[in-house]
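Naming: A, B, ... by sequence-line order, numbering from 1 per chain.
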Amino acid sequence: MANTPHLPAEVSRRSMLKGSAGALATAGLVGGLPTLLAACGSSGGSSSGGSASGKVSIGSNYSDANVKSAFSKVIAGYSNAGKVSVNTVDHNSFQNNISNYLQGNPNDVFCWFAGNRAKFFAAQGLLTPIDDVWDKIGDHFTDAVKAASKGDDGHYYLVPWVNYPWVMFYKKSVFTKYGYSVPTTWDDLITLCKQMQSDGFANPIAIGQKDGWPAMGTFDIINMRINGYQFHVDLMAHKESWTDPKVLNVFKQWAELMPYYTPGATGRTWQDAVKIFDGNKTSAMIFQGTDQVGPQLAKENLPDLEFFAFPQITPDYPTDSAIDAPIDGFLMSKKVHNHAGAVALLEYLGSAKAEQTFLQPNPSDIGTATDYDTSTYTPLQKASVDIIKNTKNIAQFLDRDTRPDFAYPIVQNALNDFLNDPSSYSSVCSKLEAQAKTIFTS
Amino acid sequence: MSADTATPTAAPRRRRRRSVRRLTGRDRVVITLMIIVPLLLDIALIWGPAVATVFLSFTDAHGIGPIHGVGTQNYHVVRTIDPEFWPAVRHNVLWLVEFTVIATPLGMLLAVLLDRGIRGSRIYQSIFFLPVMLSLALIGIIWEVVYSPQFGLINGILHNTKPGSAIDWLGDPKLNLWSVLVEATWRQTGYVMVLYLAGLKAFDPALREAAQIDGANGWQLFWKVTFPTLRPINIVIAVITVIESLRAFDLVWVTNGGTNGLELLSAMITQDITSAASRIGYGSAIGVVLLVISLVPIVTFLIVQFRRQDER
């Protein structure tokens, strides 16, 4: 970011002092903390307007080695690959710096998520609407995905890419060995957990909440099973109160599961929870996204992995009424340097071909394009496709459906408090509501 | 630089004025730069951010869009609504108390023992000083291996590594602050030991001999002779103890990001300002609270220092 002033070879000490004093004065006047933090911008292209064959830059948060190489294969498959520069930033830093990044010198196109997390930036005027891209790619997506790709103003902003469902995982071999059947109602689930405990699984459901977000998935699904998808949307937008008896019911219901969880959830990472589940000793189920469980499982155990939709709690909202299935995708920044080039790149990224190239080494997610060649899918991916296709409402997950400053650290800490002491749910709710009031007014 | 510029400031006023007049233009430029550069550095790196923080704490700055003044609302929310704030203050205070009561005295005790020239003194010194050479983040990672419930050293020795019943030293919110304080003490003790050892080396042995001839025992020798004589180093250690406990951050951040029983003011500020939340105005308000708390020991230290100078 900062340009080091070029010093001539012969420079007196005093002129150098003057120079650095000037540079510092400028830094002091212009630079505050936010500028210092916005260290992940790129140099960007120079041509404005641009052409489809011109230079395009893309900001990527696919920073893990295997995902990074898969993404570079995707770019290599683009007809104009030579003109695309990929700026890869560590996943967490990318997310934490996003607002500075977008206001600084962002790349033309960048990786992001569907839901309120994209709508928020669209509403702030930091994104370019991409209705022109959707004119080309629109036929390949379902209505649910289309809805998730629009901003509050009705324009398209997101090119959807891959997604995955949040479901309850189990091992086929374990269920066969003990003669368990998939629970379809809450009572079935509790009965199953009790049976598992008597069969030696001390903590039937593995859980790890150290990173602050995995338990949000369980909150979402119990909320949608008791109060429905629309209530979830309204609660996330704080159109409903956290002290509403409906929310209290969610926590009361959830508390019934506590005897069946691995104790000490808030100190355990979800990776360790998956390992406990994979060990088949103390736990036999885990509620997570396929995107997380798949890669953490021992490879030889993958074919044994199956899942079921979270059981029904009230007949008003059956298991096919709603599910969390977060979509990852791409957005175009407001300060796009080469609009035509960015449009062309997004059209390519929105194709089944690009999705397939990306998912080939990573068979835990599924593509969002309807013309994806499903014959390449593993059984687990096929099951993911089915459950997403057959579910009426797709939620994006708590931290993508609400404001980022509300999800972290506020909801995160509230869920930790609840898991540490399930009887504290009413104070958890009143604290959440008090904080929501301060967040959603600003 | 001419010798004239080195004239002591205590010199009579007339003479000083004359010597200034004798400066060449070149000297004046040098002096001006020597004042301006540190001054600008000070303003840009210390006063600028500090004043900006105070200013931002009265706004709703979010990193996006226009900034609106909100009066003292942030402070009100911090004090009355934020469930993390009071635990964080309590943990910061606990950190300070633990350092003052355990870590620092322990370091001083080690220094006094090692100063007696026991056998293998150098080896002990190296062992106790080793943690100081490691970064705090690294210390956090090392101790995670020791504390890990399933694979850790302690639970291995206790023969209790079963998920669920194993003690989760860093995960259990009732325990983890104490576990992290052990990590912090592990380092702080060595730090204080080295500082105090340096002071003890400079201690005039004649004083000790005189006291011993007068019949002082070890306890009296330390409290009546050594400790009062080492007043300057005692002040340094007191200041370091306070600073190290107020800037406590790295260990809790590495362990779990300052949540779930490890809330600290510094971690709250980082969560609010640098995360996706971008609650810059709100985080600044917590920053100002920490600044005000830090000012208490800093001002106390400065008053003591100035008073001492006046006494001379």
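Rounding to the nearest 0.5 Å places OG1 of A/T438 at 7.5 Å from CD of B/Q73. For the atom pair A/D417 CG and B/E84 CD, the distance stands at 9.0 Å (nearest 0.5 Å). From B/T274, atom OG1 reaches atom CG of A/N100 across 10.0 Å, with rounding to the nearest 0.5 Å. Rounding to the nearest 0.5 Å gives a distance of 10.0 Å between CD1 of A/I98 and OG of B/S278. Rounding to the nearest 0.5 Å places CD of A/Q124 at 9.0 Å from NE2 of B/H62.
The side-chain contact (heavy atoms from CB on, under 4.5 Å) test applied to B/S165 returns B/N160, B/K162, not counting sequence neighbours. With sequence neighbours excluded, the residues forming a salt bridge (charged side-chain N to carboxylate O under 4.0 Å, His left out) with B/R247 are B/E244, listed by chain and number.
Residue A/Y261: no heavy atom, backbone or side chain, is found under 4.5 Å from chain B. Neither the backbone nor the side chain of B/L170 comes within contact range of chain A; no heavy atom of the residue lies under 4.5 Å from a heavy atom of that chain. Heavy atoms closer than 4.5 Å to chain B are found in the side chain of A/Q412, but not in its backbone. Residue A/L419 does not touch chain B at all, counting heavy-atom pairs closer than 4.5 Å. Interface residue B/P173: only side-chain heavy atoms are found under 4.5 Å from chain A. Looking at B/N176, neither its backbone nor its side chain comes within 4.5 Å of chain A, counting heavy atoms on both sides. Within the 4.5 angstrom heavy-atom criterion, no atom of A/L102 approaches chain B. Contacts of A/Q435 with chain B are made by both backbone and side-chain atoms, with heavy-atom separations under 4.5 Å.
For chain B, the option among A/N416, A/T269, A/N413, A/N203 with the highest count of heavy-atom pairs below 4.5 Å is A/N413. The candidate from A/G267, A/G279, A/A407, A/G264 with the greatest count of non-hydrogen atom pairs under 4.5 Å with chain B is A/G267. Considering only heavy-atom pairs separated by less than 4.5 Å from chain A, the leading option among B/A166, B/G281, B/P83 is B/P83.
Residues in residues 30-58 of chain B take part in these side-chain hydrogen bond (donor to acceptor under 3.5 Å, both in side chains) pairs, two or more places apart or across chains: B/D42-B/W47, B/S57-B/Y75.
The contact list for residues 254-270 of chain B toward chain A, using heavy atoms and a distance under 4.5 Å, reads B/T255, B/N256, B/T259, B/N260 by residue number.
The two residues A/T266 and B/G171 have their closest heavy-atom pair at OG1-O, 3.9 Å. In plain terms, the two heavy atoms of B/D272 and A/P409 that are nearest each other are OD1-CD, 4.2 Å.
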*Output, in order, the C-alpha distance, side-chain angles, deciding distance and verdict of side chain to side chain contact (heavy atoms under 4.5 Å, CB included) for A/N420 and B/K174.*
CA-CA 10 Å; A/N420 288 334; B/K174 293 191 187 75; over 6 Å; no
